[in-house]
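Reading through the structure tokens given below for one structure.
Atoms within each ligand, like the ligands themselves, are counted from 1 in listed order.
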Amino acid sequence: MDILKESFMQGFIRLTDDAFRKGWHERNGGNYSYRMKPEEADAVKAAFSYEREWQDIGVEVKNLAGEYFLVTGSGKYMRNVILDPAANLCIVEIDGTGTKFRIVWGLTQGGRPTSELPTHLMNHFIKKELTGGKHRVILHAHTTNVIALTFVLPLKDEVFTRELWEMATECPVVFPEGVGVVPWMVPGGRDIALATAELMKQYNVAIWAHHGIFCSGADFDETFGLMDTVEKSAEILVKVLSMGGKRQTITAQNFRDLAVDFKVTLPEKFLQE
Ligand code: 13P
Ligand code: ZN
């Protein structure tokens, strides 16, 4: 068994490279986690070691007890993952109480999992419950255009959702639930983790004002695709605003018509005139 050749590992690594090339991950910016399937963990357990210490997560994630997560390391560069996955990634095990983790694989030159581990695990906690275990991927990135918009638009879910939907017809089909916005907060801790998880109860996208974005999805393609769609829409909006603003757009009634044909439910709170 070569853990680096396993398909979950290959899929994870491919996304880190794609996301870096998108320009979403300057320096060590952004981080990323995957909740492994039991059979994936079983298949690679021969590569695990258990001598590293249990450490406090900082939040309680009871329904993740005993689960394994593949996670990027704190301070590690997304662009280096493909060159040396074992030095830049780790697999962490969650203890039986859902309050501690330990590294069982990776970070071969030392280090710890991403400083945003509390937010990643709180998001997994919420999404595992709400999707019946379907969602497995949480991606955090410093997407340029989404960040730029947080300096200009009111920091309201309704405003960001509606503006992003208007910039590309497919957007309400890709994220019909909308997007949530967390006001500026100190990153890396419990408070921002709880605020983000609260939004993840409604949305698959949480924007951190003046910082970046978190996306949740079932697999690597869906999560990458969601972030790509949101960031592209934000880029169009930045261009439209730079050209003097909208002269015409998709109307609330257009969205209602689209919802019927594409069989999605668009909350009315995003369709006010
Ligand atoms: P880490 O290097 O600890 O993952 O932090 C990067 C980041 O984007 C913090 O929000
Ligand atoms: Zn960040």
Side-chain angles (χ1 to χ4, degrees), residues 12-13 15-35 52 55-59 61 69-92 101-103 105-124 137-151 155 160 179-200 203-217 220 223-224 226-228 230-231 234:
F12 189 99
I13 294 167
L15 189 153
T16 62
D17 193 48
D18 286 347
F20 169 70
R21 288 166 195 272
K22 280 281 180 187
W24 301 344
H25 296 285
E26 80 292 342
R27 203 174 181 278
N28 66 309
N31 32 69
Y32 168 35
S33 62
Y34 170 66
R35 185 168 58 84
R52 285 182 259 193
Q55 301 176 56
D56 284 328
I57 299 168
V59 291
V61 288
F69 290 85
L70 180 58
V71 188
T72 51
S74 186
K76 303 300 184 189
Y77 292 23
M78 212 60 94
R79 67 187 279 262
N80 289 338
V81 170
I82 198 166
L83 300 178
D84 192 350
N88 293 288
L89 305 177
C90 60
I91 293 175
V92 299
F101 73 89
R102 67 176 169 187
I103 300 168
W105 178 86
L107 289 175
T108 50
Q109 286 147 38
R112 40 180 299 120
T114 171
S115 58
E116 306 295 0
L117 191 66
T119 296
H120 279 262
L121 292 179
M122 274 306 296
N123 290 345
H124 281 291
V137 182
I138 300 288
L139 177 61
H140 167 55
H142 296 173
T143 43
T144 311
N145 294 285
V146 166
I147 296 169
L149 290 176
T150 67
F151 292 91
L155 299 175
F160 269 79
V179 304
V181 186
V182 180
W184 188 89
M185 292 177 78
V186 176
R190 178 186 166 82
D191 291 348
I192 199 165
L194 297 179
T196 309
E198 198 51 40
L199 292 179
M200 283 291 180
Y203 309 115
N204 293 323
V205 179
I207 292 167
W208 280 6
H210 322 321
H211 182 144
I213 183 171
F214 271 82
C215 289
S216 173
F220 303 127
T223 314
F224 181 85
L226 176 58
M227 189 170 288
D228 202 9
V230 171
E231 171 59 4

* Asked: Can you name the one residue among F220, F12, F224 that meets ring pair (Phe, Tyr, Trp, His ring centres under 6.0 Å) with Y34?
  -> F220
* Numbered atoms of ligand 1 (with element) below 4.0 Å of H211, judged on heavy atoms -> 10 (O)
* To do: For G75, take its heavy atoms, then give the atoms of ligand 1 lying under 4.0 Å from any of them.
  => 1 (P), 2 (O), 3 (O)
* Please confirm whether the backbone N or O of I147 pairs with a side-chain atom of H210, one donor and one acceptor, at under 3.5 Å? => no
* Asked: Should S216 and N123 count as side-chain neighbours, where that means a heavy-atom distance under 4.5 Å?
  -> no
* Structure fact -> heavy-atom search around atom 10 (O) of ligand 1 in the protein gives E116 OE2, 2.5 Å
* Would one find an N or O of N31, backbone or side chain, under 3.5 Å from an N or O of ligand 1? -> yes
* Structure fact -> So the atoms of ligand 1 within less than 4.0 Å of a heavy atom of N28 turn out to be 1 (P), 2 (O), 5 (O), 6 (C)
* **Test item: R102 side-chain N/O and R52 main-chain N/O as donor-acceptor pair under 3.5 Å** => no
* Structure fact -> Of all heavy-atom pairs linking L194 and M122, the shortest is CD2-CE, 3.8 Å
* Using a 4.5 Å cut-off on heavy atoms from C-beta on, say whether the side chain of H211 contacts that of V182. => no
* Protein heavy-atom partner closest to atom 5 (O) of ligand 1 - residue, atom, separation in Å -> S115 OG, 3.4 Å
* Donor-acceptor contact present, side-chain Y32 to main-chain M78, <3.5 Å -> no
* Of T150, T119, T196, which meets side chain to side chain donor-acceptor pair (under 3.5 Å) against W208? -> T196
* E116 side chain vs P187 backbone, donor-acceptor pair below 3.5 Å -> no
* For G29, is at least one N or O under 3.5 Å away from an N or O on ligand 1? -> no
* Asked: Between S74 and ligand 1, does any nitrogen or oxygen pair lie at a separation below 3.5 Å?
  -> yes
* Result of checking H124, H142, H120 against F214 for ring pair (Phe, Tyr, Trp, His ring centres under 6.0 Å) -> H120
* Asked: Is D18 salt-bridged to K22, going by a charged N under 4.0 Å from an acidic O?
  -> no
* To do: Find all atoms of ligand 1 within a distance of less than 4.0 Å from any non-hydrogen atom belonging to H140, and give their numbers and elements.
  => 8 (O), 10 (O)
* Could you find the nearest protein heavy atom to atom 4 (O) of ligand 1 and give me its residue, atom name and distance? => T114 OG1, 2.7 Å
* Mind counting the protein N, O or S atoms sitting less than 2.8 Å from the Zn ion (ligand 2)? -> 3
* Asked: G73 to ligand 1: N or O pair under 3.5 Å?
  -> no
